[in-house]
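A quick write-up on the structure given underneath.
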Amino acid sequence: MNNPEDWTFLNKGKANAIFKYNGNDMNYKGKVIRLRLADQLVLSKEIFEFVNYFRPQLHQLIAMELIPVSSRFLTTLEQESGIAIKKDTHGIIMPLIELPEQRKRVSKHISLYTDPVQSHLTMEIKPKWLYSIPQHTSLCRNCALNFYRDEELFCTLDLLSPNLITNWVDKLGLNEQHTESLTKFLSNSDLFHILYDLQHFEDIHETIGKLSNENEVPEELIRSMALKDITVYISFANDDTKVTIIDLDKKHPSKYRHWKKQGELLWNLYSQNSIVEKPCYRHLPR
């Protein structure tokens, strides 16, 4: 496994680089290794332990195996990919998520992957903040930021209310079979309610606004913010439905600076008439 020649660069995000296994060891066929980028402050072992903390509540979390990696392994992959990789002691092995070929980008946080031949569908969605929006606002922060970015507004808070799910799915423009399958799943699943409960942090905006250094960031806030950044894949194939959750990465306390900037941006947005006049669904999830 530790032979870097058996791994090929696949892609990278803001925090991780992904390499696909191409060797002969059947234990790693169809697997990838996820390595932290050089500028990341949270190591793979911390991520692994952090994810396992939530497995009892979120059984849909992607399977992970923590494995030791050598400095030679990391250096070789770094040189071959041209990507700066963290000098970590471990990497994380995960199944490769294979998506249908045709992709439709619905919004910044929602994409649809379809295979018209086999009628497969996968929805990729980042639910972001699942919360009860404050009384003084008319637009949830997810939609406010999307409005600011001139993105299509698909309010994920709708997924917490059964009476709004059908209309939400209809707006995706899927065929009848996929519309029915996705509507049925979302109407019967408690996944987004569980995420809502796990994300909950009392007076979160006020807490973030008062932070002035890393030592003040509570662990509960780190967990809440990590859960607000996950990605969910919901796949339908051959009468089978599969849900996979990825990107549950522990946040470093230094991220509080970014959270504060986002809060300041939203404060400015909410003061604009164009935002005030663009209402979002206001409801309690239960």
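Nothing here was measured: the structure is a model prediction, and the numbers come from that model. The analysis underlying the following values was restricted to heavy atoms, covering all of them including side chains, and did not include hydrogens, waters or symmetry mates.
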Listed partners of [X] passing ring pair (Phe, Tyr, Trp, His ring centres under 6.0 Å), at least two apart:
{"X": "Tyr28", "value": "Tyr21"}
{"X": "Phe54", "value": "Phe50"}
{"X": "Trp129", "value": "Tyr131, His205"}
{"X": "Phe9", "value": "Phe19"}

Subject >> Between Gln102 and Tyr113, a side-chain donor and acceptor under 3.5 Å >> reply: no

Any pair counted as salt bridge (charged side-chain N to carboxylate O under 4.0 Å, His left out), so long as it reaches [range], sequence neighbours left out:
{"range": "residues 172-189", "value": "none"}
{"range": "residues 5-29", "value": "none"}
{"range": "residues 87-98", "value": "Glu78-Lys87"}

Sequence-distant partners of [X], side chain to side chain donor-acceptor pair (under 3.5 Å), two or more places apart:
{"X": "Thr183", "value": "none"}
{"X": "Ser235", "value": "Thr122"}
{"X": "Lys86", "value": "none"}

Original post:
Does CD belonging to Glu219 count more than 12 external heavy atoms closer than 6.0 Å?
Top reply: yes

Subject >> Pairwise distance CD1(Ile234) to OG(Ser181) - rounded to 0.5 angstrom >> reply: 11.5 Å

Original post:
To the nearest 0.5 Å, how far apart are CG in Asn2 and CG in Leu74?
Top reply: 8.5 Å

Original post:
So, Gln199 side chain and Lys128 main chain: donor-acceptor pair closer than 3.5 Å or not?
Top reply: yes

Subject >> Qualifying side-chain hydrogen bond (donor to acceptor under 3.5 Å, both in side chains) pairs, either residue in residues 244-256, two or more places apart >> reply: Asn16-Asp249, Arg34-Asp249, Arg36-Asp249, Asp229-Lys251, Thr231-Asp247, His252-Ser254

Original post:
Do any pairs count as a side-chain hydrogen bond (donor to acceptor under 3.5 Å, both in side chains) and have a residue in residues 47-71, sequence neighbours left out, and if so which ones?
Top reply: Asn52-Arg55

Original post:
Would you call Arg105 and Glu152 a salt bridge, using N to O less than 4.0 angstrom?
Top reply: no

